[in-house]
2 protein chains.
Amino acid sequence: MREAIPDQILTAAGALFYREGIRAVGIDRIIEEANVAKATLYRHFPSKDHLVAAYLQARHDRVIRSLEEVIEAEIAPRDAIKLIFERLHEKADSPEFRGCAFALAVAEHGDSERVVSVARTHKTMVRNIFSAIMSKADSGSQQASAHLSLLYEGALAIVAVGRDPSAVLIARDCALSVFDTAVFTKQPS
Amino acid sequence: MREAIPDQILTAAGALFYREGIRAVGIDRIIEEANVAKATLYRHFPSKDHLVAAYLQARHDRVIRSLEEVIEAEIAPRDAIKLIFERLHEKADSPEFRGCAFALAVAEHGDSERVVSVARTHKTMVRNIFSAIMSKADSGSQQASAHLSLLYEGALAIVAVGRDPSAVLIARDCALSVFDTAVFTKQPS
DNA sequence: GATAGAAGTAAGACCGGTCTGTCTCGGTTG
DNA sequence: CAACCGAGACAGACCGGTCTTACTTCTATC
């Protein structure tokens, strides 16, 4: 067995969901791509909604792990921010990039509590990543971290529609500028 | 006749598309809500894709007109920015707000050239609005206008998922800060 | 201004296709 | 033998889009 079956299904479903959209991809497409029987899929995921949530959860884990690596690496907060945006730029500079998977999923399944919940958790944790970085800069500005995540999400949204990855670099420059003024004008605690 | 039939259809379709999603709303729902026969709909809009594009176009016209009013009003650039974000906050502070209709549409129909084209045009024009405001501030910083639209889109994206309209106010504060530093550090032309 | 015809409309049957989800069957593997 | 699996038929609903039928409304011509 090359791979556990649930992962096999999630891999196929995830690629299709992100590339073509969730509603646009039927169960039949997924089981064909995953080389799996329909009953097998429904044994592991009781409904398509569950499968979508699991796909988002897997993506969430992956993205957050990648961001936490940046935090755990002992690099200066300013460079961490730079790195995060430049990693995003790399991803955005690819024809198959379609924007934030969680925003896409909520756009299609905004009425599914299961889906929205994972997406919200993800956004909250991304904000917390920026918050952690800013607190390492010993300028406890929670405001600045909110600004950074705003720029991060804005870059994702603009690239999703306009497909021009340079927006991410512009966001990076603005983020660094926000960081600098936040640190420069920091309040003594 | 209370209203031209195409507008009647567009009104019903627009409300349903935005509220529940484009793929989630079938033609039957639209014609029922618009009190119109199916053949009538297809006489005015040759396909659902055309109808979606027309819905986006109508929304585009409305939003851009509202933004241009801000420009044409003789108010200071800084106040114009403030006003734009506070108007967005008003809209976001409503249970039926679901985020940027164009981002939602692209998420669902990213492969439709007709749909993507309207969405891209919209995003470009929004950026141009900020650009026009910044050039009135006689600091020709195109960079700052890009930052402003980044914050604008970020606020839309975050509210779309998190449903917390206060993100728009945070974006406003950041935008004003960006504006101030851009004007303060402007280059002599 | 009356009238014939063209055009627009509502209502809904209908078509072929696709959707999610269930079920059966027969094979394979531990 | 028991649990899982692939393949696929099947159900019931819904999809976008076409077409028919009967009715209304507008328009052009006399």
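Below, chain A is the first sequence line, B the second, and so on; all start at residue 1.
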With B:K38 via salt bridge (charged side-chain N to carboxylate O under 4.0 Å, His left out) - residues at least two apart: B:D28

Atom-to-atom span, CD of A:E32 to C1' of D:dG8 - whole angstrom: 13 Å

Distances under 3.5 Å only, N/O to N/O: pair up the protein atoms with those of nucleotides 1-5 of chain D.
residue : atom : partner : partner atom : Å
D:dC5   : OP2  : A:R43   : NH1          : 2.9

Summary of protein contacts for nucleotides 15-30 of chain C, nucleotide by nucleotide, where a base hit scores B, a sugar-phosphate-only hit scores S (4.0 Å, heavy atoms): -----BBBB-------

Lys/Arg cation over aromatic B:F102: B:R59, 6.0 Å, 45° cone: no

Contacts of type salt bridge (charged side-chain N to carboxylate O under 4.0 Å, His left out), residue A:R172, not counting sequence neighbours: A:E86

pair B:L10-B:L51: side-chain heavy atoms closer than 4.5 Å: yes

Pairs meeting criterion salt bridge (Lys or Arg N to Asp or Glu O under 4.0 Å) with involvement of residues 5-16 of chain A, two or more places apart: none

Atom-pair distance (CD1 on A:I9; C1' on D:dG6), nearest Å: 12 Å

Beyond-backbone contact of A:F179 with A:M134, side-chain heavy atoms, under 4.5 angstrom: yes

Contact check, side chains of B:V70 and B:R87, non-hydrogen atoms, under 4.5 Å: yes

Selection residues 107-131 of chain A - residue pairs positive for salt bridge (Lys or Arg N to Asp or Glu O under 4.0 Å), sequence neighbours left out: A:D49-A:R114, A:K123-A:E153

